[in-house]
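Proteins get letters first, then strands, A, B, ... in listed order; numbering begins at 1 in each. Predicted, not measured: the structure shown is a model, and the values here were computed from it.
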Protein chains: 2
Amino acid sequence: MSENVTAQEGVLRELRVLIASGQLEPGQQVVQDSLAASLGVSRVPLREALKVLEGEGQVTYHPHRGYFVADLSVEDLVEVYRIRSLLEDEAIRVGVPLLTDEDIEYLDDILNDVEAAAKSQDVSAVTAANRRFHFALFEASNMPRLVRLIKNQWDATDAYRGVYFAAPANLAHMNQEHRTMVAALKARDVEKSIALQAAHRENSVSVVSQVIKKP
Amino acid sequence: MSENVTAQEGVLRELRVLIASGQLEPGQQVVQDSLAASLGVSRVPLREALKVLEGEGQVTYHPHRGYFVADLSVEDLVEVYRIRSLLEDEAIRVGVPLLTDEDIEYLDDILNDVEAAAKSQDVSAVTAANRRFHFALFEASNMPRLVRLIKNQWDATDAYRGVYFAAPANLAHMNQEHRTMVAALKARDVEKSIALQAAHRENSVSVVSQVIKKP
DNA sequence: CATATGAAGATTGTATCCAATCTTGTTGGG
DNA sequence: CCCAACAAGATTGGATACAATCTTCATATG
């Protein structure tokens, strides 16, 4: 397992989980004292981790009032996905022509993981493997800054995801699209790859916007 | 003047200046103790400001070794500008059709500032006003997250800029392009606006890459 | 001579403490 | 009854102190 070199690194990881899992609810204030205590650290590394999350848009910050878990409006959501489109399309456009045969084999391996996780109904494993799949593709672009920005956009909506993968029908559909995408990659068909990735995003948007509109 | 609500806010602003002006040189380690002392604060707000800059790619961080002023390679530079293209093109595409006549008047006013600053040879005033001009345009998109990402990309190369504006010939050329751009905006000519903005970036790239290649 | 060892100094990482600010609830006046 | 003023509590902002880690350089060892 990846060990933590610093406390703040571990805190950051735990915070991401707390936010993505909804244990820290959107809109809720992050009370530093109690949260730091519950994580077993002091407020200093917690605050530094929160600054990172602020930069990613996962939390908002108001001086002298503190940090609040980001509460996306539907407009925010639309903007995030629009930005994702721009960035992901570019990553794919650059990356697909650079894919080696080994890369594609590796992508196939990950898809096996995704389907295995799907079979055993392990939603969080599906989420993780799905993410690995898409980012392995994005990283083929050799544009680390671009990949980081895409990561930020994914994180920004993580708190609202997870619903999609809970429905078996969605999972089946996703697996099918994944396989189709790998076929397109093998053929180095950039436009088809982009189109399939876009279809994925559309699904996400519709599911997440349902979740947001609720309250 | 904009007063600082918190110290870290002021520290952040000062750090940006130190980096953009080259007083903190690329590659150089940021020694927290001495820098905090010279800024008149303790290390805590300084560290939080550095975390923000890390998120923007202005400094890099190595656990237990500290922060270092980002030292862009030419590849990094190319990537930053490629990302800028994606994001700025979108902002313009969305924003230009939304521009009101008052917005365009305002842009004209800013251009007067730019030219006034140019006439008085005030490089930093030119830089600031030029930035105001372009971001006023970007903000017309009503996409705050997108604008923030663009801002980050600009900041990432700030340390290397300023050379361009030092040459009077460049200034004259820039002013001319600005005026042409406003004309395109008045005509709501999206494609021409994008093209002019792209020309601006090309100039930046060539100048900044000269500076980077030097050592 | 090259390399391993280790100790001293420098620097970062975190905990704790206090000050500054905000929030909440209460009280008084209109 | 409504609203302003104010005090008490809660929470954040920042300074200091100490622990953990890294770097450097001298020394020993093969």
* Taking for each residue the nucleotide of DNA chain C with the nearest heavy atom, is it A:Pro63 or A:Pro45 whose nucleotide lies nearer the 5' end? -> A:Pro45
* To do: Using whole Å, report how far NE2 of B:His64 lies from P of D:dA19.
  => 16 Å
* Please report, rounded to the nearest Å, how far the C1' atom of D:dT11 is from the CG atom of A:Leu46. => 13 Å
* To do: Applying side chain to side chain donor-acceptor pair (under 3.5 Å), run through A:Trp154 and A:Glu56 and close with a yes or a no.
  => CA-CA 10 Å; A:Trp154 279 56; A:Glu56 296 173 1; over 6 Å; no
* Just how far, in rounded Å, is C1' of D:dT12 from OH of A:Tyr61? -> 8 Å
* **Integer-rounded Å distance: D:dT11 C1' and A:Leu35 CG** => 14 Å
* Asked: Separation of A:Glu48 atom CD from D:dG13 atom C1', in whole Å?
  -> 14 Å
* Mind checking which nucleotides bracket the chain A contacts on DNA chain C, 5' to 3', with an atom under 4.0 Å from a heavy atom? -> C:dT14 to C:dT23
* Indicate yes or no: at least one non-hydrogen side-chain atom of B:Phe138 is less than 4.5 angstrom from one of B:Leu146. => no
* Rounded off to whole Å, could you give me the CG-to-P distance for the A:Leu50 and D:dT11 pair? => 15 Å
* To do: Using heavy atoms to find the nearest nucleotide of DNA chain C for B:Val31 and A:Val41 separately, return the residue whose nucleotide is more 5′.
  => B:Val31
* Rounded interatomic separation in angstrom, taking CZ from A:Arg65 and C1' from D:dT11 -> 11 Å
* To do: Hey, which sits more toward the 5' end of DNA chain D by its nearest nucleotide, A:Val44 or A:Val5?
  => A:Val44
* Describe the nucleic acid contact of B:Tyr67 in one word from base, sugar-phosphate, nothing, applying a heavy-atom distance below 4.0 Å. => nothing
In a table with atom names and distances, give each donor-acceptor pair under 3.5 Å that connects a side chain of residues 118-130 of chain A to protein atoms at least two apart or in another chain.
| unit_1 | atom_1 | unit_2 | atom_2 | d |
| --- | --- | --- | --- | --- |
| A:Ser120 | OG | A:Ala116 | O | 3.1 |
| A:Ser120 | OG | A:Ala117 | O | 3.3 |
| A:Asp122 | OD1 | A:Ser124 | N | 3.3 |
| A:Asp122 | OD1 | A:Ser124 | OG | 3.4 |
| A:Asp122 | OD1 | A:Ala125 | N | 3.0 |
| A:Thr127 | OG1 | A:Val123 | O | 2.8 |
| A:Asn130 | OD1 | A:His134 | NE2 | 3.2 |
| A:Asn130 | OD1 | A:His178 | NE2 | 3.1 |

* Answer with yes or no whether the side chains of B:Tyr67 and B:Lys51 bring together a donor and an acceptor at under 3.5 Å. => yes
* Quick one: is D:dT12 close enough that its OP1 or OP2 comes under 4.0 Å of any side-chain N or O from A:Arg47? -> no
* Within this structure, what is the NE2-to-C1' distance between B:His62 and D:dT23, rounded to whole angstrom? -> 15 Å
* Between the side chains of A:Arg84 and A:Gln153, is a donor N or O closer than 3.5 angstrom to an acceptor N or O? -> no
* **Heavy atoms from other residues, nucleotides or ligands near OH of B:Tyr61 exceed 12 (cutoff 6.0 Å)** => yes
* To do: Using a 4.0 Å heavy-atom cut-off across all strands, classify A:Val30 as base, sugar-phosphate, or nothing.
  => sugar-phosphate
* To do: Going by the salt bridge (charged side-chain N to carboxylate O under 4.0 Å, His left out) test, name the single residue among A:Arg13, A:Arg148, A:Arg131 that passes it with A:Asp155.
  => A:Arg131
